Amino acid sequence: MQAQLGRHENILLKQNKTNIQLENHKLKETLKTALCTKCNGSLNPSDYNSVEEYRLRLQIHRLTEELSKMTALAQRCLGRPIMSFDLSNSAPIGQVPAAPPLPPVMPTISLAGVLDVSQNQIENSPFLELAEKAMEELTKLVSVNAPLWTQTGCEGGGGGAVEYLNLEEYIKSFPPCFETKPDKNSTRYATRASGIVAAKSSSILNSLMNEAGNRNLQMMDAELQALSPIVPVWKVKFLRFCRQIAEGVWGMVDVSIETSGIVNCRRFPSGCVLQDILNGCSRVTWVEHLDCEENDVKVIHPLGVMSCSSSFGAQRWLASLQRQCLCLAIISSPPASTQDRASGMVSHFTKRSMVSMAHRMVRSFGFGLCSTVHQWQLVQAGETRLTVRNNMDNPGEPTGVVVCATNSVWMPLSHLRVFDFLSNKDRRGEWEDVHYTMPIQELARIDKSNDDELNRVSFLHTTVLIDKNNQKVVPIVQETQSDESGSMIVYGMVNLPVMQVVMSGQDSSSVEILPNGFSIIPNIKRPATRECVKEEDDSCMMTVAFQILTKNSPGNMNISMELIEYINNLMSQRIQRIRSALHCG
């Protein structure tokens with residue numbers, strides 16, 4: 001495994017080196033033509049009264065060229081002419097011309113993986129043409145129904161309809177955006193979903209674009225990950241393009257720009273079309289069209305084959321967008337009721353502190369489960385996968401050596417049934433490896449959706465038995481998420497002073513917490529060698545994960561066999577308790 005990781009890292013470094021060399025070459029070529037050959041007939045400094053006048057004339061000429069390019073780009077994006085300006089004679093030397101109205105480029109926020117490409121490089125390349133072609137295709141995919149799209153209600157958990165693209169009709173109706181070759185080792189998935197999101201289209205586009213530059217065309221790298229250690233990571237490089245389609249309607253499209261190297265996934269035109277409606281909400285239609293290597297899609301594993309539409313389809317993107325936007329709206333609103341202690345007696349500052357802490361905990365859970373972001377090292381591969389990392393610079397986590405254990409098991413039950421059991425605080429003692437001496441109480445909660453039972457952040461409180469004579473008060477912060485595309489329960493234990501800090505609305509960014517929890521992916525096809533016990537049409541993959549701070553001194557990554565054996569036993573016992581409680585063997 002270390003040799004494979006080393007080779008993979010070497011490939012990444014070579015790819016980065018090639019990209020840097022290409023970027024350096026392009027910059028050198030740009031510098032050769034950066035200076036114009038004339039400005040009002042001459043670039044000879046002796047023709048001007050002063051060096052400052054010459055400098056200003058040269059700067060005005062450059063600004064004029066840049067404005068012309070931006071104007072042409074805006075007209076192509078908007079599909080209508082806009083007013084143009086000539087800066088060369090608009091103002092005397094020494095005066096600042098009035099600022100022209102800029103084209104309506106959406107404001108942006110930073111997004112990891114953005115490749116910084118100059119505006120000149122984008123305009124003088126096929127990137128813009130490809131992006132416009134992809135936007136045209138996305139618009140048609142959103143507006144056309146049968147026979148291009150077929151609908152079924154058999155997936156999505158909870159009976160939600162899923163729309164699938166008819167690939168034969170698609171090939172007949174759409175010319176290819178980029179060259180494709182028949183590949184028996186690749187599989188294509190295309191889904192569509194529509195829904196109402198509790199945010200304006202401008203706010204949604206703000207979160208999807210990048211604030212590093214006021215551009216509506218960007219180049220990005222991304223890794224698509226399912227919350228399971230057995231599902232490979234899909235790497236993709238794509239253009240992201242945003243523009244106004246019609247009055248009050250905006251579109252954002254992604255399209256792949258590379259099909260070689262370490263990229264094992266391509267995005268055909270995918271993205272969303274947004275339209276503002278009443279009450280500050282938007283109607284969003286999302287299309288996700290992926291072409292992935294079959295070896296990465298069909299996971300050879302005793303659990304069977306994962307349904308791609310559950311973890312990477314349009315339903316997943318839309319559900320996540322709905323949940324996050326509604327969460328922001330709820331934490332910004334006043335308490336719904338002062339009579340309900342659980343949901344009403346928390347201040348605006350307490351909401352933000354609780355949600356911020358839970359969000360950080362969930363991110364850490366995902367990083368550990370997929371072994372990304374932090375420098376995880378593999379300790380044990382098998383049914384229970386163990387990875388280890390040295391934590392020194394993350395203030396929200398304890399300092400030292402952290403071990404993450406993960407295990408995925410197939411369950412002959414719907415993901416909602418498994419979620420209901422694991423998220424039920426009154427049944428927690430049936431699967432957790434501690435002895436509770438009193439019922440678990442919910443001291444406070446933040447509901448993150450209109451369905452209070454599915455998406456919430458909670459502060460739980462109980463006491464556990466340490467030994468025959470001692471008990472300990474244990475506060476627990478927990479976040480639950482569930483929709484048609486999957487479910488997740490993440491929790492972490494804290495102490496009473498920490499709980500008081502968060503409940504008082506203070507900054508929780510430095511609160512140390514290690515996550516534990518479950519990820520549940522629906523609609524896993526059953527292995528042929530195994531019979532279903534119950535609910536023949538429903539099944540899921542449950543992943544159990546927890547992180548433990550070892551007694552090792554910082555930097556000592558050698559994990560003892562005693563600790564490995566303890567973690568393996570802890571994992572197997574927890575899975576067995578869950579199976580027994582749900583009567584599925």
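Since we're looking at a predicted model, the values are computed, not measured.
The environment of CZ in Arg427 is crowded: more than 12 heavy-atom neighbours from other residues, nucleotides or ligands sit within 6.0 Å. For Arg283, the CZ atom is loosely surrounded, since the number of other residues' heavy atoms within 6.0 Å does not exceed 12. By the 6.0 Å contact criterion, CD on Glu383 is open, its count of non-hydrogen atoms from other residues, nucleotides or ligands being 12 or less. Applying the 6.0 Å contact sphere to NZ of Lys200 captures no more than 12 heavy atoms from other residues, nucleotides or ligands.
Taking CE of Met503 as the reference point, atom CG of Leu496 lies at 12.0 Å (rounded to 0.5 Å). A distance of 12.0 Å separates OG in Ser504 from CE in Met499, rounded to the nearest 0.5 Å. Distance check: Ile440 CD1 to Glu432 CD gives 7.0 Å after rounding to the nearest 0.5 Å. In this structure, CG in Leu386 is found 8.0 Å from CG in Leu378, a value given to the nearest 0.5 Å. Here the straight-line distance linking atom OG of Ser320 with atom CZ of Arg323 works out to 4.5 Å at 0.5 Å rounding. Taken from CD in Gln315 to OG in Ser194, the straight-line distance is 10.0 Å, to the nearest 0.5 Å.
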Checklist entry - Going through the checks in order, is the side-chain contact (heavy atoms from CB on, under 4.5 Å) test met by Ile489 and Ile520? => result CA-CA 9 Å; Ile489 304 103; Ile520 313 167; 4.2 Å; yes
Derivation of the side-chain contact (heavy atoms from CB on, under 4.5 Å) call for Leu563 and Asn552: CA-CA 11 Å; Leu563 179 58; Asn552 293 25; 5.5 Å; no
- Message: Could you go through Arg389 and Asn391, starting from their C-alpha distance and side-chain angles, then the distance that decides it, and tell me whether this counts as side-chain contact (heavy atoms from CB on, under 4.5 Å)?
- Response: CA-CA 6 Å; Arg389 68 181 172 92; Asn391 180 54; 3.5 Å; yes
Report task. Please assess Thr543 against Ile521 for the test side-chain contact (heavy atoms from CB on, under 4.5 Å), listing each intermediate value before the final yes or no. Result -> CA-CA 8 Å; Thr543 298; Ile521 300 177; 5.8 Å; no
Item to check | Full working for side chain to side chain donor-acceptor pair (under 3.5 Å) between Ser572 and Gln576 | outcome: CA-CA 6 Å; Ser572 61; Gln576 184 57 41; over 6 Å; no
* **Chi angles and distances behind the side chain to side chain donor-acceptor pair (under 3.5 Å) call for Ser270, Asp254** => CA-CA 5 Å; Ser270 305; Asp254 297 339; over 6 Å; no
- Evaluate the side chain to side chain donor-acceptor pair (under 3.5 Å) criterion for residues Ser282 and Ser201: first the C-alpha distance (whole Å), next the side-chain angles of each, then the deciding distance (0.1 Å), finally the verdict. CA-CA 6 Å; Ser282 302; Ser201 60; 4.8 Å; no
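For the pair Arg428 and Tyr491, the cation-pi test (distance below 6.0 Å, angle within 45°) is passed.
Residues His415 and Pro522 approach most closely at ND1-CB, 3.3 Å, considering heavy atoms. Of all non-hydrogen atoms in Leu369 and Ala545, the two that sit nearest each other are CD1-CB, 4.1 Å. Taking each heavy atom of Arg192 and Val287 in turn, the nearest pair found is CG-CG2, 3.9 Å. The shortest heavy-atom contact between Met493 and Ile476 is CG-CG1, 4.2 Å. Here the closest non-hydrogen pair linking Gln547 and Asn516 is N-OD1, 3.9 Å. Residues Thr387 and Gly368 come closest through the heavy atom pair OG1-O, 4.5 Å.
The closest side-chain heavy-atom distance from Val477 to Ile513 is below 4.5 Å. Residues Met571 and Phe546 meet the side-chain proximity criterion, which asks for heavy atoms closer than 4.5 Å. With a 4.5 Å cut-off on side-chain heavy atoms, His461 and Phe459 do not count as touching. The closest side-chain heavy-atom distance from Arg363 to His359 is below 4.5 Å. The closest side-chain heavy-atom distance from Leu208 to Cys272 is below 4.5 Å. Side-chain contact check for Lys425 versus Gln441: every heavy-atom pair is 4.5 Å or farther apart. Using a 4.5 Å heavy-atom threshold, the side chains of Arg456 and Gln478 count as separate. Residues Met361 and Val494 have side chains not in contact (no heavy-atom distance under 4.5 Å, counting atoms from C-beta outward).
Listed by chain and number, the residues in a salt bridge (charged side-chain N to carboxylate O under 4.0 Å, His left out) with Arg385 amount to none (sequence neighbours excluded). Arg360 pairs by the salt bridge (charged side-chain N to carboxylate O under 4.0 Å, His left out) definition with nothing, not counting sequence neighbours. Applying the salt bridge (charged side-chain N to carboxylate O under 4.0 Å, His left out) rule to Asp426 yields no partners; only residues at least two apart in sequence or on another chain are considered.
The backbone N or O of Ser509 sits less than 3.5 Å from a side-chain atom of Asp507, completing a donor-acceptor pair. Between the side chain of Ser414 and the backbone N or O of Arg417, at least one donor-acceptor pair lies under 3.5 Å. The main-chain N or O of Gln506 is found under 3.5 Å from a side-chain atom of Ser353 such that the two form a donor-acceptor pair. Judged purely by atom type and a 3.5 angstrom limit, Ser207 uses its side chain to pair as donor or acceptor with the backbone of Ile204. Side chain of Asn455 to main chain of Ser482: a donor-acceptor pair is present (N/O by atom type, distance under 3.5 Å, no hydrogens or angles).
Between Trp431 and Phe518, the ring planes lie perpendicular to each other; the angle is over 60°, past the 30° to 60° tilted range.
Each of Asn568, Asn569, Ile564, Leu570 was compared with Tyr566 under the side chain to side chain contact (heavy atoms under 4.5 Å, CB included) criterion, and only Leu570 meets it. Of the residues listed (Thr191, Thr285, Val284, Ile196), the one engaging Leu318 in a side chain to side chain contact (heavy atoms under 4.5 Å, CB included) is Val284, and it is the only one. Between Phe421 and the choices Leu582, Leu413, Leu416, the side chain to side chain contact (heavy atoms under 4.5 Å, CB included) rule is met once, by Leu582.
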